[in-house]
Amino acid sequence: MTAYERIYAVTRQIPRGRVATYGQVAELSGLPGQARLVGYALYRVVDPIGGDIPWQRVVNAKGKISYATRREGSDDLQRSLLVAEGIDFSPDDRIDLKRYRWQPTAPVALPDGDPSDASCG
DNA sequence: ATGGTGACGACGG
DNA sequence: ACCGTCGCCACCA
């Protein structure tokens, strides 16, 4: 079980029309402070548009898409995919996190990580 | 095994 | 609100 797999597992939980920040995914993945690793992990899946990982739904803490030459256009694609999901971008190409940020009410279901919710009260 | 890198994030001026 | 800078540490060569 690598850190990547945990990151992917969490990313898969992000519902359509909603976004999460790198830091948020990192924390939910049990990797607080490892926002950069999330970006790196998602970089490794750039292809699977038909895959199970909605990598498009992860943006930076500023509510913006991280543009980078390395992405070879996947950054622009990300914007298109989000717009297609009904997410609105401000004229400054920013997403209102207050409105679209994913707010997981229940513990994220990790492959073999316990939700630590056994107490149930 | 060691060292550099990075789709980030928080802080200071 | 903006930009520059350091830190974080798993991944990759």
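Because only heavy atoms are used, hydrogens play no part in the values below, and waters and symmetry mates are left out as well, while side chains stay in.
Side chain of A:Y8 to main chain of A:W55: no donor-acceptor pair is present (N/O by atom type, distance under 3.5 Å, no hydrogens or angles). Side-chain atoms of A:D75 come within 3.5 Å of backbone N or O of A:A68 as a donor-acceptor pair. No donor-acceptor distance shorter than 3.5 angstrom exists from the side chain of A:E27 to the backbone of A:P32, with no hydrogens or angles considered. Although no hydrogens or angles enter the test, the distance criterion places no donor-acceptor pair under 3.5 Å between the side chain of A:S29 and the main chain of A:L31.
Rounded to whole Å, atom C1' of B:dA10 lies 17 Å from atom CD of A:Q24. Distance OH (A:Y43) to P (B:dC8): 12 Å, rounded to an integer number of Å. In this structure, A:K62 atom NZ and C:dA1 atom P are separated by 13 Å, rounded to whole Å. Between the CD atom of A:E27 and the C1' atom of B:dA10 there is a distance of 14 Å, rounded to whole Å. The distance between atom OH of A:Y67 and atom P of B:dC8, rounded to the nearest whole Å, is 13 Å.
Cluster membership check: A:I14 shares its hydrophobic cluster with A:Y4, using side-chain heavy-atom separations under 4.5 Å among Ile, Leu, Val, Met, Phe, Trp and Tyr.
Listed by first then second residue, pairs satisfying side-chain hydrogen bond (donor to acceptor under 3.5 Å, both in side chains) with a partner in residues 10-23 of chain A number zero, not counting sequence neighbours.
Checked for salt-bridge contact, A:R79 and A:D93 meet the test: a charged N lies under 4.0 Å from a carboxylate O.
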Give the dot-bracket line for DNA chain B from 5' end to 3' end: parentheses for intra-strand Watson-Crick or G-U pairs under 3.5 Å, square brackets for crossings, | for inter-strand pairing, dots for unpaired. .|||||.||||||

Decide side chain to side chain donor-acceptor pair (under 3.5 Å) for A:R57 and A:Q78; before the verdict, give the C-alpha distance in whole Å, the side-chain angles of both, and the deciding distance to 0.1 Å. CA-CA 8 Å; A:R57 297 177 190 151; A:Q78 180 173 10; over 6 Å; no

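A cation-pi geometry, defined here as NZ or CZ lying under 6.0 Å from the six-membered ring centre and within 45° of its normal, does not hold between A:R94 and A:F89.
Note that CG of A:N60 and CG of A:L97 are 8.5 Å apart. Values are rounded to the nearest 0.5 Å. Atom CG of A:D88 is separated from atom CG of A:D96 by 9.0 Å, given to the nearest 0.5 angstrom.
Residues from residues 92-105 of chain A with heavy atoms under 4.0 angstrom of DNA chain C, sorted by number: A:R94.
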Under a 4.0 Å heavy-atom criterion, the protein footprint on nucleotides 5-13 of chain C, written with B, S and -, is --BBSSSS-

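Not counting sequence neighbours, the partners of A:R70 by the side chain to side chain contact (heavy atoms under 4.5 Å, CB included) test are A:Y43.
Residue A:S66 has a polar side-chain atom (N or O) positioned under 4.0 Å from OP1 or OP2 of B:dC8.
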Between the protein and nucleotides 11-13 of chain B, list every N/O to N/O distance that falls short of 3.5 Å.
none

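Residues A:R101 and A:Q24 have side chains that bring a donor and an acceptor to within less than 3.5 angstrom of each other.
On a pure distance criterion of 3.5 Å, a polar donor-acceptor pair joins the side chain of A:R71 and the base of B:dA7.
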